[in-house]
Amino acid sequence: MLEWPPVVFDGVRYPGVSELAALQSAAFGVPAARHVEVTRTLPGPDGTRIPHSLLTKIAAYGRFPRKGSPYCRKAAKEGVVSSAWTPMVSRLTRELGHPVRILKVLGLRSDEGADRKKRPAFRTVQANSARVTDEWLPVKDWPTDAVKESHTSAPVPYCWTYHSLPGAGDWLGSSRCSCSLCVFASRRDLLLTIGRRPRLAELYTEVEQTRGDSFRPDWRITDLLRHAAHCEAPDPGIVCPDDGPDFTALQTQVRQALQREPRKKPELARRAGRALCDGCTAPH
C-alpha cells in the first residue's frame with residue numbers, strides 16, 4: 001500500500017505499480033505463467049499470511065531509513081526478490097546439474113543520484129555452487145528526456161502519477177515513482193503525495209509522533225503537512241481515497257506495531273532543521 005495504487009479518472013482506470021509490472025512483462029513477451037509477485041508477509045488474525053509493509057517495519061523498528069542506512073532498499077526490495085528465486089534455483093540446480101544463471105535487470109539511472117551513477121552497468125553480484133547472478137542496468141546512461149521520449153512509442157505502460165492528472169501526458173506530476181512517501185524524494189514530490197494521498201501521510205505522522213524519529217533529518221512529516229496546508233504546494237489533480245480493505249489492513253498493522261516497544265531507540269535524527277520556505281519556520 002506504500003506504492004502508487006490504481007485510480008479511476010474520468011471513467012478510465014489507471015493501474016497501480018504492481019499491476020504495471022505484470023503489464024510491462026507481458027509487453028516484452030514474458031508469459032503470464034512466469035509472472036511471480038513477491039512480498040514479505042506475516043501471520044494474519046485468522047492464521048493466513050498477510051502482506052507486511054515497509055511502514056509496518058519502520059513502526060516496529062523505530063527508525064526511518066536514512067542515507068547511511070537505507071534498509072528499505074535491500075531488505076524490502078532486492079532481498080525479497082532474491083529470496084523468491086531460492087525454490088526455483090533449488091529445483092533447476094538439481095535438473096541442470098550446474099549453477100543457475102540469473103540476470104537481474106534494474107531500471108536504475110545515473111541521473112537519479114550519486115550512488116546510482118557509481119554503479120556499473122553490468123556486474124556479477126553473486127556466484128556460488130547454486131547460482132550466478134548478474135546485474136544489468138540497461139538504461140543507466142539514459143537522460144530523463146530520453147526515457148520520456150521512449151514512452152511515446154514503446155508498448156510499455158507506466159504509472160499515472162508522473163502526470164498532473166492521470167492520462168494528461170504532461171510529465172508534471174511525480175518526478176520519480178518510488179514509494180508514495182519516500183524519505184529520499186524531493187520536497188515537491190513529497191508535497192504532491194501529501195495532496196494525493198492524505199490518509200497515508202497521516203499514517204506516517206502517527207509513526208513519526210509515536211516513535212519520535214523524524215521522517216527525514218531535515219523535515220518532519222508534520223513540517224510538510226503544515227507547509228502543504230498554509231503555504232505553497234502542487235495541485236494534486238486527483239486524491240486517492242485509500243478507503244479499501246488493503247489500506248485498513250495497513251493501518252491496523254502499523255498501529256499494532258506502534259503499541260509494542262521499538263527494536264531500536266529513535267535516532268531523533270532531525271538536525272537544526274531548515275525552513276521549507278520563507279513563510280515557514282522549522283520547529284525545534
Side-chain angles (χ1 to χ4, degrees), residues 1-27 32 35-42 44 49-59 64-65 72-73 76-77 80-81 107 151 156-186 188-208 215 221 224-225 228 233-257:
M1 282 303 298
L2 304 190
E3 64 188 22
W4 286 101
V7 296
V8 176
F9 183 74
D10 280 350
V12 178
R13 184 183 183 278
Y14 294 87
V17 171
S18 58
E19 185 180 347
L20 279 170
L23 293 172
Q24 290 169 349
S25 295
H35 294 176
V36 179
E37 183 175 349
V38 295
T39 184
R40 290 196 183 281
T41 61
L42 52 75
R49 305 294 296 185
I50 59 176
H52 183 255
S53 78
L54 174 61
L55 188 56
T56 306
K57 181 179 177 66
I58 292 169
F64 285 92
C72 56
R73 292 175 177 169
K77 295 178 182 177
V80 179
V81 174
H151 281 294
V156 182
Y158 58 96
C159 192
W160 59 267
T161 193
Y162 284 114
H163 301 311
S164 60
L165 293 168
D170 54 14
W171 298 98
L172 295 177
S174 304
S175 64
R176 291 172 63 179
C177 181
S178 185
C179 288
S180 299
L181 277 169
C182 174
V183 297
F184 303 109
S186 68
R188 184 185 183 279
D189 279 3
L190 291 172
L191 292 171
L192 181 62
T193 296
I194 286 171
R196 288 181 165 176
R197 302 197 69 182
R199 292 197 69 197
L200 181 63
E202 290 293 342
L203 192 56
Y204 269 77
T205 302
E206 287 186 39
V207 175
E208 185 181 72
F215 175 71
I221 283 287
L224 294 161
L225 285 168
D235 182 355
I238 185 172
V239 177
C240 302
D242 282 327
D243 58 358
D246 289 343
F247 189 86
T248 300
L250 169 66
Q251 194 175 56
T252 300
Q253 278 184 29
V254 168
R255 289 173 176 172
Q256 288 175 344

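The residues of the chain are indexed from 1 along the displayed sequence.
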**Item:** Heavy-atom closest contact (Arg176 atom, Asp189 atom, distance)
**Value:** N-OD2, 3.4 Å
**Request:** Find out whether Thr205 and Leu225 are in side-chain contact, i.e. whether some heavy atom of one side chain is under 4.5 Å from a heavy atom of the other.
**Result:** yes
**Trace of the side-chain contact (heavy atoms from CB on, under 4.5 Å) decision for Arg196 with Thr161** = CA-CA 9 Å; Arg196 288 181 165 176; Thr161 193; 2.9 Å; yes
**Item:** Non-hydrogen atoms of Gly173 and Leu192 that approach each other most closely
**Value:** C-CD2, 3.5 Å
Pair up each side-chain donor or acceptor in residues 5-13 with any protein partner under 3.5 Å, not counting sequence neighbours, and list the distances.
from: Arg13; atom 1: NH1; to: Glu19; atom 2: OE1; distance (Å): 2.9
from: Arg13; atom 1: NH1; to: Glu19; atom 2: OE2; distance (Å): 3.3
from: Arg13; atom 1: NH2; to: Glu19; atom 2: OE1; distance (Å): 3.0

**Spatial distance of atom CG (Leu224) from atom OG1 (Thr193) [nearest 0.5 Å]** = 10.0 Å
**Prompt:** Once the angle between the rings of Phe215 and Tyr204 is folded into 0 to 90°, is it parallel (under 30°), tilted (30 to 60°) or perpendicular (over 60°)?
**Reply:** perpendicular
**Nearest-0.5 Å distance that lies between atom CG in Leu172 and atom CG in Leu165** = 9.5 Å
**Request:** Calculate, to the nearest 0.5 Å, the distance between atoms CZ and CG belonging to Arg255 and Leu203 respectively.
**Result:** 6.5 Å
**Prompt:** At what distance, to the nearest 0.5 angstrom, does CD of Glu202 lie from CD1 of Ile194?
**Reply:** 9.0 Å
**Message:** Does the plane of the ring in Tyr158 sit parallel, tilted or perpendicular to the ring in His163? Use 30° and 60° as the thresholds.
**Reply:** perpendicular
**Message:** Between Ile58 and Val207, is the side-chain contact (heavy atoms from CB on, under 4.5 Å) condition met? List the steps.
**Reply:** CA-CA 8 Å; Ile58 292 169; Val207 175; 4.1 Å; yes
**Side-chain donor or acceptor of Glu208 paired with backbone N/O of Ile221 under 3.5 Å** = yes
**Request:** Please round to the nearest 0.5 Å and tell me the distance separating atom OG of Ser25 and atom CG of Leu23.
**Result:** 9.0 Å
**Item:** Minimum-distance pair of heavy atoms, taken over all atoms of Trp4 and Ser174
**Value:** CZ2-OG, 4.0 Å
**Message:** Quick test of your reading of the model: are Asp242 and Arg197 salt-bridged, counting only N-O distances below 4.0 Å?
**Reply:** yes
**Distance-only side-chain donor-acceptor flag, Ser18 / Glu3, under 3.5 Å** = yes
Donor-acceptor contacts, no H, no angles, side chain residues 243-252, under 3.5 Å, sequence neighbours left out:
from: Thr248; atom 1: OG1; to: Gly244; atom 2: O; distance (Å): 3.1
from: Thr252; atom 1: OG1; to: Thr248; atom 2: O; distance (Å): 2.9

**Request:** Verify whether one side chain among Ser164 and Asp170 offers a donor that lies under 3.5 Å from an acceptor in the other.
**Result:** yes
**Prompt:** Looking only at heavy atoms, which two atoms of Val183 and Pro65 are closest? And how far apart?
**Reply:** CG2-O, 3.7 Å
**Fill in**
What one should report as the nearest heavy-atom pair of Leu181 and Ala201 is CD1-CA, 3.7 Å
**Request:** Work out which heavy atom in Cys72 is nearest to a heavy atom in Phe184; give both atom names and the distance.
**Result:** SG-CE1, 3.9 Å
**Request:** Kindly indicate, with the supporting measurements, whether the criterion side-chain contact (heavy atoms from CB on, under 4.5 Å) is fulfilled by Ser175 and Tyr162.
**Result:** CA-CA 6 Å; Ser175 64; Tyr162 284 114; over 6 Å; no
**Asked** Rounded to the nearest 0.5 Å, how far does CG of Leu55 lie from OG of Ser180?
**Response** 11.0 Å
